[in-house]
Amino acid sequence: MSKVFAEDSVGIVTPQIAHFSEPLALACGRAIAEYDLVYETYGTLNASASNAVLICHALSGHHHAAGYHSETDRKPGWWDSCIGPGKPIDTRRFFVVSLNNLGGCNGSTGPSSIDPDTGQPFGAQFPVLTVEDWVHSQALLADHLGIPVWAAVVGGSLGGMQALQWALTYPERVRHCVAIASAPKLSAQNIAFNEVARQAILSDPEFHGGNFQAEGVIPKRGLMLARMVGHITYLSDDSMGEKFGRGLKSEKLNYDFHSVEFQVESYLRYQGEEFSGRFDANTYLLMTKALDYFDPAAAYGDDLAKTFENVKANFCIMSFTTDWRFSPARSRELVNALMAARKNVCYLEIDAPQGHDAFLIPVPRYLQGFSSYMNRIEI
Amino acid sequence: MRADLDIIQEWIPAGSRVLDLGCGNGELLAWLRDHKRVSGYGLEIDPDNLTECVRKGINVIEQDLNKGLGNFASNSFDVVVMTQALQAVTYPDRILDEMLRVGRQCIITFPNFGHWRCRWYLASKGKMPVSEFLPYTWYNTPNIHFCTFKDFEALCHERQAQVLDRLAVDHQHRHNWASKLWPNLLGEIGIYRVSSPGFAQHKVAV
């Protein structure tokens, strides 16, 4: 008997692959000769192709944003709370495209793919990518799908940065830009956390200068540590306190360094363990670098308002009160610059206890504001 | 449209840039956009109002007036509007300063505590006035800074702000010869248009 999915689920979805054989020039000066982008779509593209929405993923995200790959899937896609019939990104109205970025490790060409020139995995040879490179590759995917203009480009965190970059690089191709829990650039503290994560990977003896695949190993410890430190920054102090407090795994303290004693230790280890089994270390390095490098105002003398001067999109910026990774103050920088540049912008500062991760969680006021904005988009 | 907003819109030139402090459900900005090609932003903190503004396509920004307008440049708006919020902010004098700095002109409406009914209520009962129009008890009210027309005008004078227009209306926003003659006694709501050309030079941040 077939499984019945919830009415607001997109149900079973199947990833597709687009192959690009024209070389893509990159910000670093190098080029990728040919590459694949894996993507999923939800909903139906209308005749005038005016209802297309692009989903940009964050650090460890991928193309599988909504629905299930099979009836036995335990979990839906990573943004299933916001994509589906009747959800903020309503698949009854919109044709939603969600891809795995270039350099990823979920099916798009990345460091773990085979380099056609050598027949070996790219590994350390894979070029460092920027948010702009991603946006260029996404524009080629849009061409491939017959989408001249996106009704909206939407993303949270690093995904929000891609949405902003879209509005800047292709002002004629984006009608609405929705950037959630994002920032105009990373702070020194943000970069510092990324550097700790990178060092954890780079200093793992199993990393082998990035060519671990050829050695038949993975830098599991390093990836685990990187994910653990990252995960701390995605949660708020309150939400961690609420979830774990100082709860212990066993009745008493062991007075050693080997046991997993506190609940929070067990949780972080589990998260790290799970992540190290599914994520490529080189991709992780690459994603954190793209984050660090993102700074569109740098080309405009750090004048963010001037940066936005030529954008045509309408903006919806949302932040969460307990997010300290990309705090509301960072979103307000974007909003103030957009207002100074006289652009259309809505800003919602959602009171939510979950920290940075709130953008993935169905917080009622968030969903309500998000829906209101998406519903007003003409298609 | 709410009656006071209907009066205010007449004071806002077509095509101007407006900042609406405490824009509620966005009614004024939506009307001005649709009828007078007015652009601008509304500041609001109530979640339901915010959602309604987003739905209407208003440029609404979630921002608390009590934290000031430090994120807006001096003289960056033609008109700054604040309806029925002066009495509810923590520092009415500072927000007035900020409005005068950010806008070339300001339109402010607020309830008049000098209205004869308030005076009569206080004089005869010896208790803080509670009415249909101002239904809150003293300990449970968003209105923490009541003033009279005279008080407000004294503040404007002190800040060298010029009162360009003044209208005293009843709670249904009607005005007549009597409220013109004795506004502080017979006007329930004051609608003021003020400006202070010198204020843009001040670097005021609340």
Side-chain angles (χ1 to χ4, degrees), chain A residues 88 90 151-152 175-178 180-181 184 303-306 308 311 313-321 323 327-352 363-379, chain B residues 15-26 29-30 32-34 37-81 98 101-104 200 205-206:
Chain A
D90 192 337
R175 289 197 286 126
H176 293 267
C177 167
V178 182
I180 307 163
D303 186 340
L304 196 56
K306 206 166 172 213
F308 284 125
V311 303
N314 298 291
F315 290 80
C316 177
I317 310 289
M318 289 186 268
S319 71
F320 300 94
T321 49
D323 182 355
S327 71
R330 308 310 313 282
S331 284
R332 286 197 296 265
E333 288 174 38
L334 289 167
V335 173
N336 290 335
L338 287 164
M339 288 198 292
R342 304 190 169 200
K343 302 301 168 186
N344 287 325
V345 53
C346 285
Y347 173 57
L348 300 178
E349 195 168 301
I350 313 289
D351 191 13
V363 178
R365 218 204 114 198
Y366 165 47
L367 296 189
Q368 190 190 30
F370 198 175
S371 293
S372 305
Y373 191 85
M374 294 305 293
N375 285 336
R376 88 178 217 212
I377 295 176
E378 285 170 23
I379 57 169
Chain B
S16 55
R17 239 170 92 78
V18 173
L19 181 64
D20 188 353
L21 308 183
C23 66
N25 63 13
L29 284 172
L32 289 169
R33 175 195 62 196
D34 298 340
R37 296 176 292 105
V38 161
S39 63
Y41 304 93
L43 307 189
E44 184 53 58
I45 49 170
D46 176 73
D48 291 335
N49 278 338
L50 282 157
T51 302
E52 183 54 27
C53 286
V54 170
R55 204 188 59 73
K56 284 195 177 104
I58 295 298
N59 287 322
V60 71
I61 308 298
E62 184 158 355
Q63 183 172 334
D64 185 351
L65 299 183
N66 286 323
K67 292 185 177 151
L69 304 176
N71 53 328
F72 294 98
S74 297
N75 258 336
S76 53
F77 288 89
D78 298 311
V79 187
V80 181
V81 179
E98 282 283 79
R101 177 183 67 82
V102 169
R104 278 180 265 279
V206 173

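Note that the coordinates shown come from a computational prediction; the quantities given were computed from them, not determined experimentally. The chains referred to below are lettered A, B, ... by the order of the sequence lines, with proteins before strands, and numbering in each begins at 1.
- Using a 4.5 Å cut-off between heavy atoms, A/R342 contacts chain B through both its backbone and its side chain.
- In this structure the side chain of A/M339 reaches within 4.5 angstrom of the side chain of B/I61, judged on heavy atoms.
- For a residue to count as touching a neighbouring chain, one of its non-hydrogen atoms must lie under 4.5 Å from one of that chain's; by this rule A/L338 touches chain B with the backbone only.
- When all heavy atoms of B/L50 and A/R365 are compared, the pair lying nearest together is CD1-NH2, 3.4 Å.
- If you measure heavy-atom distances from A/N344 to chain B, the contacts under 4.5 Å come from both the backbone and the side chain.
- Counting heavy-atom neighbours within 6.0 Å of A/K306 NZ, excluding the residue itself, gives a total of 12 or less.
- Using a 4.5 Å cut-off between non-hydrogen atoms, the part of residues 17-24 of chain B that approaches chain A consists of B/R17.
- Contact record, B/V54 with A/C346: CG2-SG, 4.1 Å, taken as the closest heavy-atom pair.
- In terms of modelled atom types and a separation under 3.5 Å, the side chain of A/E349 and the main chain of B/E62 share no donor-acceptor contact.
- Proximity to chain B is limited to the side chain of A/V335, based on heavy atoms less than 4.5 angstrom apart.
- In terms of heavy-atom pairs under 4.5 angstrom with chain A, the leader among B/I58, B/D48, B/T51 is B/T51.
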